[in-house]
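These notes are about the structure you will find just below.
By convention in this document, chain letters (A, B, ...) are assigned in the order of the sequence lines, proteins followed by strands, and residues within each chain are numbered from 1.
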Protein chains: 2
Amino acid sequence: MTITQLKYVLAVAEHQNFTKAAEKTFVTQPTLSMQIQKLEDELEIQIFDRTKKPIELTSVGEKIVEQARNIVNESERMQDVVDQEKGFIGGAFKLGIIPTIMPTLLPMFLKSFANRYPKVNLKIEELNTDEIIVKINEGYLDAAIAATPLGQDKIKERPLYYEPFVGYIPENHRLALKDKLEVGDLDIDDILLLEDGHCFRDGIINLCKATKNVTSEKFQLESGSFETLVKLANEGLGMTLLPYLHTLDVDSAFKKNLKYFKEPSPAREVSLIYSKSELKMQIINALHDSISGVIRGAIAFQDVKIISPTKK
Amino acid sequence: MTITQLKYVLAVAEHQNFTKAAEKTFVTQPTLSMQIQKLEDELEIQIFDRTKKPIELTSVGEKIVEQARNIVNESERMQDVVDQEKGFIGGAFKLGIIPTIMPTLLPMFLKSFANRYPKVNLKIEELNTDEIIVKINEGYLDAAIAATPLGQDKIKERPLYYEPFVGYIPENHRLALKDKLEVGDLDIDDILLLEDGHCFRDGIINLCKATKNVTSEKFQLESGSFETLVKLANEGLGMTLLPYLHTLDVDSAFKKNLKYFKEPSPAREVSLIYSKSELKMQIINALHDSISGVIRGAIAFQDVKIISPTKK
DNA sequence: TATATTTAATCAGAATAATCTATTTGGTAA
DNA sequence: TTACCAAATAGATTATTCTGATTAAATATA
């Protein structure tokens, strides 16, 4: 059994196709076929069921793939160990970011990070929280930025910052005259929210439920971006809530509609999360440093009350 | 990087000598030298400091060896996965047993186990608890039988049985006239114990401390085997405590000196312990089944009060 | 039904890598 | 110095892995 063979197995398991897997692993299809057969001979068991189209894993095959992933992960970590020792920070790194954080946070740290760690080849994907959890566990993502806590026992969380919620109250809204918002003022049926699946939304529902025992689950409207929500609010369709960093992008003509909460303001915890297996820790540390650095300037620290996203 | 190379590295790290390591891995010394050099070239780092005699690991080398052990362990587990699927129970297995359990338990299950699982090549070593913990963690032992709980977070414990303590009270001892012993009767200065390092002793000290707040740590006598202890007791040097299974070996002429505790009798928990990495689980399960089987006949189950060994 | 098309297996030869034997080098100890 | 030991090196041999061409089988298309 060689590590190469295991990588071939993983590639076939992923693409369900020998030819594609061969391309991805930069060998010819016969090479891949032979190596996998050799492994099957050595273990004296079928890994793939070749009668099915597309090709499928046998039941043992699934366990073998799982174990192969372990071995390959551990083996990739060897370079990590060496890099750590050398103080070398570089290599490929996949980072997931949830949609409600992506547009505000990414521009803030990306340039400085790229300058500071030029050897890191950062690939960033916008994914929602559920997708992130899956992809961290299967080793596709090296780390991600999401609202926490998630309560996932295979995932570590390292808080980056606490982002207060700010109300966006259009002119003739019932709360327009208040100076500062209070959590008790909120009514779930009256708040414009992002479409389901965005964890920011989960956080808000939770907030309302927690404070007013609202059980109603019918929302007037749901949109995919905060920009839209603000416009809808301006049309008199209700108020909305924005994470603090998004308020910086609000058109100056409408800044007057922003209403802050009385302290302690409700807030979401935003963390860098990664697998407990702690691969590529040097890069994770570097990311944490970079982001913490830019955030310190952007969010004036206030007394804050954390709202957890509802995660099953 | 290949698994073979990592095995070579582990062998050299263990024997601190290329030539010996080569013998152990069944290749010639140049083969080993070259493969290790190749690995060092690939990682661009020195693993061994060859100027030292005997050869030494560099500081990175130590981390590399640790990671190599992970990889090799995970890779050996692959066969395990397959065996499990096939229901195959066999292969080499190293079992440690503490001295106070070895002579009584081993004869009870060894023969039947060997018959039932003829393909398992069982190697048994008598080791004390501390040695067992070390050797399980470094992967030298696959499992062990010891008094528990140990409170080791890398080690899993699976209780086999609860073995009551029985007092051995010589004729003119102050407790000789009592019908049943009580925990409160015990006085640490009056009990003959095994020499330090035997966890059975730790258990007893604990028992006495717990019940009478004895702080005195001077013992009249310490011996290496229960047989000796019984003889010493017969000489009037005090009483002693025996685990139940040992009482079966007491000469019938002296059986009258055995005094049981009032229920719930103090007892020790004896468990099958193994690394959390759960290698060779089929064999561990097989052992558990075999031992539980023979024990059910030997220890009539009673109401029992568990005494934990003191483990730092 | 015949004909492409797709996909994995097979085979022979080339390229690569691992291992062996024999020898050299570099320290240590006598 | 010489003798001795352990690791490195050189060259030959053997194993292995890979490729390119081809085949076989299954599926899709005309």
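The interatomic distance linking I55(B) (CD1) with dA6(D) (C1') rounds to 8 Å, in whole Å. Rounded to whole Å, the distance from CD on Q16(A) to P on dA8(C) is 11 Å. Atoms CG (D49(A)) and P (dT7(C)) sit 17 Å apart, rounded to a whole Å. Whole-Å rounding puts the Q37(A) CD to dC18(D) C1' distance at 15 Å. Spacing between atom CG of N17(B) and atom P of dC4(D) amounts to 19 Å, rounded to whole angstrom units. Across the protein-nucleic acid pair, H15(B) atom NE2 and dC5(D) atom P stand 20 Å apart, rounded to whole Å.
At the phosphate of dC20(C), OP1 or OP2 sits under 4.0 Å from a side-chain N or O atom of T31(B).
Heavy atoms of P54(B) sit nowhere under 4.0 angstrom from any nucleic acid atom. Residue K20(B) is out of contact with every strand shown, counting any heavy-atom pair closer than 4.0 Å. Counting non-hydrogen atoms under 4.0 angstrom, Y8(B) reaches the backbone sugars and phosphates but no base.
Ring geometry for F113(B) against Y117(B) counts as tilted: the plane angle lies between 30° and 60°, on a 0 to 90° scale.
Nearest approach of I284(A) to A143(A), heavy atoms of both residues: CG1-CB, 4.3 Å.
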